[in-house]
Amino acid sequence: MSTQTLEKPPVPALDEARAFAARRHQLFIGGRWVEPQSGERFATHDPATGAHVADVAKAMEADVDLAVHAARAAMEDTAWAEMKPNARALLLNRLADALERHADEFAALETMDQGKPVRDARFFDLPYAVDLLRYNAGWATKLNGESISLSGPGTWHAFTVREPIGVVAQIVPWNAPIAMAVAKIAPALAAGCAVILKPAEETPMTALRLAHLIEEVGFPAGAFNLLTGFGDSAGAALTAHPGVDKVTFTGSTEVGRLIINAAAGNFKRVTLELGGKTPCIILPDADVGAAIQGAARSIFSNAGQICNAGSRLFVHRNIFEQVVEGVSAIAEGTKVGGGFDADTQMGPVISSTQRERILGYVKGGLEAGATLRAGGREIGGPGAFVAPTVLTDTDAQMAVRREEIFGPVLCAMSFGDEDLEQIARDANASDYGLGAVIWTNNLSAAHRLARKLKAGTVRVNGGGLDPALPFGGFKQSGWGRENGREGIDAYTEVKSIAMAI
Ligand code: ADP
């Protein structure tokens, strides 16, 4: 993600955020705010305190149907379907400016809803979302086809054009709500698709606020629609609806599988960004201090609720103890608390159910013989807090080592002087293949290992997400890529046109 200088803590726009949360929230369909057909609402809660945040409209199948019709109408209406690429770019840039202007309020809403430290939301998630809008705005005017030479008899003028896929359902999770929502809508709108966004039921606030900005900057009716609601009702209805041309989803691998099945009816295009069990490999020549900081940041940021969190740490035995002690000291020294406390470094996990699930993995590992080096317990409070945890002596069969935990739990393993082939085999011993991190100063080892790892993104000596860098997974980590050229191409269909001349 963009690096920002954290010179001073933000002044959270809490009053504005609270006033927004207290409003009567509706669904945004066809350019209008409307009541859900059922009239039902559901409550959301602050994971740091359990306090009520907002009552949100509950979209069901009938609302999905209305949103799909509105999006289809937009794909046929000249205002959106024939809008020039530079006008789409302008709207996205205006949205970026508006989001930047309201970044304090968005950060406060994100922290109320999701729990992350407000400083992270303000200086990490929000700038990334703004960058995503500006980056994708740039693509709107560059979606060109190719001129093709044909070999058949006759004289031909043949070329390809890229057309928007059509109506896209975009389903996002609760770990980085505004960043995930913008990562989906920005390329889709840049490509000229009509979007139906469904935020996670736990964290709808920033998507709702974003819909108001989208309305203000003047996107044509139906180009963007927002449905707040639950996965098994609104989400499932969207993914099965025959009027939807494509689904893009970020979330769990189990739900990814349900979506593949639901999408099969009309052969929807599907992009899936699913789970991960990212290996972080520290070679003996690495800058150990930087690697320790990087390894800790990779697993404890956002309380480990990141799909490419570095949850498996492989360290050369010469520096294993030093690294484990260093990461464990960071874990024990991390100030865990509410996201609005100025000294909080790690917030709560999303819910008490999730806290129990995470601690269950740790308990299972310990019962099977793992050694606890840090954390391994809940931290008291009304909210759902888990201490940053480090385990050693796990084996490859343990669930804590194999499955995605989505919490601040690190399994550390040592390796000897095996060649890179063996290190890669151990790191690749996972159903997932989203990310991998290598720490080394050996250029040749870095290149060779990077090519052997089965992961969508390999980072060497740090770094993060960037709107220009394709992101996605090998194996059960997903289908397709978001970001970069691949990310926007995934919202287009290629049409070949051949003319006998
Ligand atoms: P997590 O494990 O991160 O909570 P989920 O995969 O359960 O992730 O949820 C991510 C998103 O998927 C949320 O917006 C949720 O509402 C949605 N979702 C959950 N179940 C389904 C489903 N059966 N069909 C479509 N969307 C779903």
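For ligands, and for the atoms within them, numbers begin at 1 and follow the listed sequence. Throughout, residue positions are numbered sequentially from 1 according to the sequence presented.
Each of the following atoms of ligand 1 lies closer than 4.0 Å to a heavy atom of P199: 14 (O). Listed by atom number, the atoms of ligand 1 under 4.0 Å from G251 heavy atoms are 6 (O). Using a 4.0 Å cut-off to heavy atoms of K198, the atoms of ligand 1 that qualify are 14 (O), 15 (C), 16 (O). Interface of A236 with ligand 1, defined as ligand atoms under 4.0 Å from a residue heavy atom, comprises 24 (N), 25 (C). Heavy-atom contacts of V172 reach the following atoms of ligand 1: 11 (C), 13 (C), 14 (O) (cutoff under 4.0 Å). Near V255, with a cut-off below 4.0 Å to any heavy atom, the atoms of ligand 1 are 6 (O), 7 (O), 18 (N), 19 (C), 20 (N), 21 (C), 22 (C), 27 (C).
Nearest to atom 25 (C) of ligand 1 among the protein's heavy atoms is G235 C, 3.2 Å. Of the protein's non-hydrogen atoms, the one nearest atom 12 (O) of ligand 1 is F249 CE1, 3.1 Å. Atom 23 (N) of ligand 1 has L258 CD1, 3.6 Å as its closest protein atom, hydrogens excluded (heavy atom only). The shortest contact between atom 19 (C) of ligand 1 and any protein heavy atom is with G231 CA, 3.5 Å. Of the protein's heavy atoms, W174 NE1, 3.6 Å lies nearest to atom 1 (P) of ligand 1. Nearest to atom 17 (C) of ligand 1 among the protein's heavy atoms is I171 CG2, 3.6 Å. Of the protein's heavy atoms, E201 OE1, 2.5 Å lies nearest to atom 16 (O) of ligand 1. When only non-hydrogen protein atoms are considered, atom 5 (P) of ligand 1 lies nearest to S252 OG, 3.7 Å.
Using a cutoff of 4.0 Å between basic side-chain nitrogens and carboxylate oxygens, R134 and E100 are scored as salt-bridged. Under a 4.0 Å N-O distance rule, the pair E40/K58 qualifies as a salt bridge.
Heavy atoms of N175 found under 4.0 angstrom from ligand 1: none, in either backbone or side chain. Counting heavy atoms under 4.0 Å from ligand 1, residue A234 does not touch it at all.
In summary, of the residues considered (T344, D125, T111), a side-chain hydrogen bond (donor to acceptor under 3.5 Å, both in side chains) with K116 occurs for D125 alone.
Per-atom contact check: atom 9 (O) of ligand 1 does not touch the protein, criterion being a heavy-atom distance below 4.0 Å.
No side-chain heavy atom of V386 sits under 4.5 Å from any side-chain heavy atom of R377.
Between W174 and F406, the ring planes lie perpendicular to each other; the angle is over 60°, past the 30° to 60° tilted range. Aromatic ring orientation, W33 versus H212: parallel (interplanar angle below 30°, classes split at 30° and 60°).
Between T271 and K246, the side chains place a donor N or O and an acceptor N or O closer than 3.5 Å (distance only, hydrogens not considered). Side-chain polar atoms of Q345 and T334 form no donor-acceptor pair below 3.5 angstrom. No side-chain N or O of S328 forms a donor-acceptor pair with one of R373 less than 3.5 Å apart. A donor and an acceptor atom, one from each side chain of Q26 and R32, are nowhere located under 3.5 Å apart.
Counting heavy atoms of neighbouring residues, nucleotides and ligands inside a 6.0 Å radius, atom NZ of K475 exceeds 12 of them.
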